[in-house]
J.: 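Dropping a structure here in structure tokens format, bear with me for questions.
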Amino acid sequence: MALAWLKDLNPAQRQAVTFGDGTLLVVAGAGTGKTKTLACRVAFLLERGIDPGRVLLLTFTRRAAAEMISRADHMSGRGTAGKLWAGTFHAVAHRLLRLYGRSIGLADGFSVMDQDDAADLMQLIRLDLGVAKGDRRFPQKATLARMYSHTVNAQRPLREVVERYFPWCAGDLEAIGAIFARYGERKIQQRLLDYDDLLLFWKTLCSAPVVGRNLADRFDHILVDEYQDTNALQADILRGMRQSHEDLMAVGDDAQSIYSFRAATVRNMLEFPERFPGARVVTLEQNYRSTGPILAASNAVMSFSKERYTKELWSQRRSEQRPVLVTCRDEEEQTGMVCRHILEHLEQGVPLSEQAVLFRAGHHSAMLEVELARRNIPFHKFGGLKFLEAAHIKDLLAFLRILENPFDELSWFRVLLLLPGIGPRTARRILDQLGRPGRVDDAARCNGGGRTRLASPLCRLLREPPAVPAGAKEHFGALRSALADCEGVPLPESSSASGNETAVPSGKGLPVRVQIERIGVFYRPIFERRYENAAMRLRDLEQLEQIAARYRSRRQFITDLTLDPPTATSDLAGAPHRDEDYLTLSTIHSAKGCEWHSVHVLHAADGMIPSDMATGDDAGIEEERRLLYVAMTRAKDVLYVYFPLRYYHRRWAHGDAHGYAQLTRFIPSTVRALFEQRVDRAEVDPSSDRPADVRNTQAGLNRLWNC
DNA sequence: CATTTATAAATTTTT
DNA sequence: TTTATAAATG
């Protein structure tokens with residue numbers, strides 16, 4: 001084979017890429033060419049004549065998969081990498097379950113719900129059971145959803161998970177268990193799968209005697225990226241998928257494990273050799289990304305870690321410029337400094353696309369976003385609040401989901417509650433009526449002579465509409481005709497529809513975009529009445545239509561949206577914005593795997609990094625340390641870490657109340673010495689300029705009561 | 001009686 | 001910006 005590009009690899013990388021048959025773990029530090037190695041491995045396999053359709057590539061995001069495929073194609077020059085099975089665990093699980101789900105008793109027309117939907121269903125059940133009635137605080141729906149997911153993914157008993165991660169809920173263990181049991185039942189009734197089910201049923205698929213064997217035989221090679229952020233369930237799946245073939249390559253960095261809240265565990269990496277006996281281990285330690293001083297500071301942060309890591313990164317990239325620790329008076333000054341530095345670099349020729357601002361929590365960038373907008377600096381924000389979380393987007397999707405899976409009670413509920421004059425009670429009644437087992441001929445007519453006895457609630461709604469309160473009649477009628485329109489079914493004018501229509505044409509042929517338009521006819525008036533800033537939100541709906549225009553299949557549209565939600569406005573923006581230079585704002589979590597010429601890390605204060613929410617136990621604090629490490633190692637040439645001294649707590653009042661922060665505990669004085677330290681007094685208001693030791697004294701006191 | 005509106009309180013990270 | 005509860009309304 002004439003593989004010229006092999007020469008560009010260092011010995012360790014080459015060893016990984018050209019690895020023969022069997023199981024391999026690649027321990028790859030930050031910036032050591034992990035993506036390159038994986039892409040080369042794919043190219044190498046293709047060169048060896050492996051059928052791309054028999055290679056499975058599991059990544060953390062769809063974007064990562066796309067990048068590796070395009071790089072592999074570029075190297076092999078064959079253009080066949082697109083035929084790989086590539087995507088996230090969840091996306092691949094979905095694809096497999098559509099193919100084989102029937103064999104384990106999965107309903108044909110299942111649909112997938114995201115974690116928000118899961119929380120909403122929890123809430124319905126919580127209200128039904130009347131669990132939250134007492135005067136004791138009961139966990140919120142989002143907490144319940146997180147708890148459930150963690151339990152399933154970790155494959156541990158609920159009691160253990162609650163005691164460890166949600167100790168304040170320990171008193172409600174029984175009630176929580178009862179909710180979870182009902183939750184499982186209702187998902188099955190409604191033909192809904194949550195994220196965890198996708199993994200869970202994939203695992204079930206693996207252990208099915210015949211299909212499991214088929215599945216494992218289906219792939220000659222499996223490659224897994226970001227292995228440090230996989231959980232016990234995912235490890236089980238991999239084992240199930242390697243019953244007959246051994247060829248597996250997992251790549252990860254134990255120092256970058258930052259998803260324990262999703263039940264990810266470094267133990268997957270550490271125990272890899274035991275789980276896959278005979279596995280070889282290759283370690284990549286040469287960092288090609290960052291300059292020496294940046295790497296030195298990053299390593300120093302990790303050197304205080306209580307856990308032992310397997311490697312120490314080194315770099316040949318010399319530089320005089322140390323990373324900069326910027327001490328600011330408060331968040332406002334931090335914002336000003338960030339903007340100033342960004343513009344300085346821009347003038348020196350570093351485009352905005354090579355710069356990024358990173359932070360711990362989505363809302364940490366709020367002030368900066370306002371300032372960037374004021375100064376006309378274009379940016380895209382990754383992580384934090386998402387497009388799909390907006391109420392009006394969810395409303396519209398609920399319609400489509402009813403059409404896709406008429407048993408989806410959650411979406412029905414959402415849509416019915418939109419109608420003025422219909423509240424939870426009436427909605428419940430209507431749903432009960434629609435869901436009641438019908439006469440057999442009814443069912444037959446609805447399902448086109450179908451297999452199921454159960455008449456689809458959608459068909460019921462169209463054929464025998466339940467009574468609604470007088471005030472809701474008009475809107476209810478509009479809803480029915482909108483749904484009928486999308487289905488391509490004529491709506492029976494009066495209640496006595498003639499029974500001899502032939503099998504109704506299915507609306508599945510209608511383009512999704514058209515369906516959204518028709519729903520709009522019904523939804524728009526409600527929408528305008530309901531939301532104050534309808535004009536702004538209308539643009540979101542138009543964007544949704546634009547995305548829909550790219551899809552032929554409604555099902556594909558909905559599942560893509562739930563499994564690969566648009567992570568930033570950039571995913572939504574049309575062609576005109578593509579070539580515009582823009583700055584990246586991102587949570588540290590969403591910045592995983594990315595790199596920029598210059599990186600700005602905001603809020604390096606205790607309480608922010610580490611987040612106050614995570615300082616409960618040692619493991620939590622250690623993960624926060626890794627988080628800072630991930631943030632710092634994103635930088636190639638320039639790294640700024642900002643530390644605002646003063647925080648206003650303007651939660652309820654707009655007063656002047658403030659507290660003094662302390663520099664993050666992950667940068668003690670020995671580490672600080674590796675930074676260039678700047679305190680810009682020019683912009684400090686002299687009236688509030690007190691010596692730092694006074695502040696520190698105050699801060700020390702504040703720690704006594706601000707816990 | 002059910003729905004709507006008013007009021008007060010709280011807010012990590014994501015497939 | 002959302003969410004739980006209380007009061008007002010139909």
Side-chain angles (χ1 to χ4, degrees), chain A residues 58-65 87-94 112-116 118-120 123 126-127 132-133 135 137-138 140-143 145-146 149-150 152-153 193-199 226 229-231 233-234 257-264 358-364 366 382-386 388-391 416-417 419-429 468-472 529-533 559-565 567 586-592 603 607-616 620 623-624 626-627 630-631 649 651-653:
Chain A
L58 293 162
T59 56
F60 204 71
T61 60
R62 171 159 63 178
R63 235 170 68 214
T88 61
F89 270 88
H90 294 87
V92 170
H94 172 255
V112 180
M113 57 186 202
D114 64 22
Q115 184 137 17
D116 268 358
D120 288 343
Q123 176 74 339
R126 197 173 80 155
L127 294 175
K133 272 293 183 283
D135 40 3
R137 272 216 317 277
F138 194 81
Q140 292 203 6
K141 62 175 185 178
T143 313
R146 264 182 291 143
S149 183
H150 200 288
V152 173
N153 281 291
L193 264 59
D194 61 24
Y195 286 151
D196 309 324
D197 287 331
L198 291 172
L199 299 184
E226 307 284 6
D229 285 322
T230 57
N231 58 40
L233 195 46
Q234 288 164 315
S257 159
I258 52 175
Y259 276 84
S260 71
F261 65 92
R262 254 167 61 181
L358 307 182
F359 34 86
R360 173 68 178 86
H363 63 264
H364 285 174
F382 293 80
L385 250 187
K386 261 173 264 138
L388 289 176
E389 282 165 24
L416 288 174
L417 284 181
L419 305 177
I422 293 186
R425 212 84 201 193
T426 316
R428 180 79 264 157
R429 204 202 72 232
V468 291
R529 216 178 65 105
R530 212 177 155 80
Y531 300 111
E532 296 284 327
N533 48 353
T559 43
D560 266 16
L561 230 41
T562 32
L563 290 180
D564 281 300
T567 46
S586 172
T587 59
I588 299 174
H589 281 93
S590 300
K592 187 161 92 157
H603 295 297
M608 315 298 261
I609 312 176
S611 160
D612 271 333
M613 325 293 280
T615 46
E623 178 151 319
E624 298 286 309
R626 294 192 292 270
L627 216 37
V630 169
H649 10 252
R651 282 189 184 167
W652 306 294

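Reminder, nothing fancy here: chain letters follow the sequence lines and each chain counts from 1.
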J.: Taking the side chain of Y195(A) as heavy atoms from C-beta outward, which of dA2(B), dT4(B), dT15(B) is closest to it?
T.: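 Side chain of Y195(A) sits closest to dT15(B).
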
J.: Once you round it to whole Å, what is the distance between P of dT15(B) and CG of D114(A)?
T.: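 Taking atom P of dT15(B) as the reference, CG of D114(A) is at 11 Å.
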
J.: Side chain of H589(A), backbone of I258(A): donor and acceptor closer than 3.5 Å?
T.: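 Judged by distance alone, yes, a pair lies under 3.5 Å.
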
J.: Could you give the CD-to-C1' distance, from E389(A) to dT12(B), as a whole number of Å?
T.: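 Between C1' of dT12(B) and CD of E389(A): 12 Å.
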
J.: Please determine, for the side chain of M613(A), which listed nucleotide (dT11(B), dT3(B), dT3(C)) has the closest atom?
T.: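 Per side-chain heavy atoms of M613(A), the pick is dT11(B).
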
J.: For Y259(A), does its backbone N or O pair with a side-chain atom of D229(A) as donor and acceptor, under 3.5 Å?
T.: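 Answer holds: yes.
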
J.: H90(A) has a side chain; which of dT15(B), dA2(B), dT13(B) sits nearest to it?
T.: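 Within the option list, the nearest is dT15(B).
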
J.: Under a 3.5 Å cutoff, is there a donor and acceptor pairing between the side chains of S149(A) and D196(A)?
T.: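 Per modelled atom types, S149(A) and D196(A) side chains form a pair under 3.5 Å.
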
J.: In whole angstrom, give the distance that lies between atom NE2 of H150(A) and atom P of dT12(B).
T.: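 Roughly 16 Å, once rounded to whole Å.
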
J.: Taking the minimum atom-to-atom distance to the side chain of P420(A), which one of dT14(B), dT15(B), dT4(B) wins?
T.: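 Selected nucleotide: dT4(B).
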
J.: Tell me, do R428(A) and R425(A) make a side-chain contact under 4.5 Å, heavy atoms counted?
T.: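 They are not in side-chain contact.
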
J.: Are any of T587(A)'s side-chain N or O atoms less than 4.0 Å away from OP1 or OP2 of dT14(B)?
T.: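 Yes, because at least one side-chain N or O of T587(A) sits under 4.0 Å from OP1 or OP2 of dT14(B).
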
J.: Does a side-chain N or O of Q123(A) approach OP1 or OP2 of dT3(C) to a distance below 4.0 Å, or not?
T.: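 The answer is no; no side-chain N or O of Q123(A) sits under 4.0 Å from OP1 or OP2.
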
J.: Which nucleotide, in any strand shown, forms a Watson-Crick or G-U wobble pair with dT13(B), with both distances under 3.5 Å?
T.: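 In the structure as shown, dT13(B) has no Watson-Crick or wobble partner.
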
J.: Do any N or O atoms from the side chain of R626(A) and from the backbone of S257(A) form a donor-acceptor pair under 3.5 angstrom?
T.: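 Yes; at least one donor-acceptor contact below 3.5 Å.
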
J.: What's G421(A) touching, base or sugar-phosphate or nothing? Going by heavy atoms closer than 4.0 Å.
T.: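 Contact class for G421(A): sugar-phosphate only.
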
J.: Of the nucleotides dT15(B), dT12(B), dA4(C), which has the atom closest to the R126(A) side chain?
T.: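 The answer is dA4(C).
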
J.: What integer distance in Å separates R626(A):CZ from dT13(B):P?
T.: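 Interatomic distance, CZ of R626(A) to P of dT13(B): 18 Å.
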
J.: For T426(A) and R360(A), find the nucleotide of DNA chain B closest to each by heavy atoms; which residue's nucleotide sits nearer the 5' end?
T.: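 Upstream on the strand: T426(A).
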
J.: Taking CZ from R63(A) and P from dT14(B), how many angstroms apart are they, rounded to a whole number?
T.: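 Spelled out: CZ on R63(A) to P on dT14(B) is 13 Å.
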
J.: If I pick the C1' atom on dA4(C) and the same atom on dT12(B), what distance separates them, to the nearest angstrom?
T.: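 So the two C1' atoms sit 22 Å from each other.
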
J.: Once you round it to whole Å, what is the distance between C1' of dA4(C) and CG of D120(A)?
T.: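 Taking atom C1' of dA4(C) as the reference, CG of D120(A) is at 15 Å.
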
J.: For P424(A), which contact category applies under a 4.0 Å heavy-atom criterion: base, sugar-phosphate, or nothing?
T.: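 The answer is sugar-phosphate, as P424(A) gets under 4.0 Å only of primed atoms, P, OP1 or OP2.
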
J.: Without decimals, in angstroms, what is the distance between K141(A) NZ and dT2(C) C1'?
T.: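 Rounded to the whole Å, the gap is 9 Å.
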
J.: How is F89(A) classified with respect to the nucleic acid when contacts are heavy atoms under 4.0 Å: base, sugar-phosphate, or nothing?
T.: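 No contact.
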
J.: So, H90(A) versus Y195(A), ring centres under 6.0 angstrom or not?
T.: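 For H90(A) and Y195(A), the ring centres are under 6.0 Å apart.
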
J.: Hey, does E623(A) reach any base, or is it just sugar-phosphate, or nothing, if we go heavy atoms under 4.0 Å?
T.: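 No contact.
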
J.: If you only use heavy atoms from C-beta on, which nucleotide in dT11(B), dT14(B), dT15(B) is closest to the side chain of H589(A)?
T.: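 Given the options dT11(B), dT14(B), dT15(B), the side chain of H589(A) is closest to dT14(B).
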
J.: Both A361(A) and L563(A) contact DNA chain B. Taking the nearest nucleotide for each, which residue is further toward the 5' end?
T.: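 On the 5' side of the pair lies A361(A).
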
J.: Send over the distance from I422(A) CD1 to dT4(B) P, rounded to a whole Å.
T.: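 It works out to 9 Å between those atoms.
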
J.: So, do F261(A) and dT12(B) meet the stacking rule of ring centres under 5.5 Å and planes under 30°?
T.: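 No; centroid distance or tilt outside limits.
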
J.: Hey, does the side chain of S590(A) come within less than 4.0 Å of dT13(B)'s phosphate (OP1/OP2), counting only N and O?
T.: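 False: S590(A) side-chain N/O out of range (4.0 Å or more) of dT13(B) OP1/OP2.
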
J.: What's the shortest heavy-atom distance between A65(A) and T59(A), and which atoms?
T.: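 That closest heavy-atom pairing would be CB-OG1, 3.4 Å.
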
J.: Hunt down the Watson-Crick or G-U wobble partner of dA2(B), both distances under 3.5 Å, from any strand shown, or write none.
T.: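 Because both required distances fall under 3.5 Å, dA2(B) counts as paired with dT9(C).
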
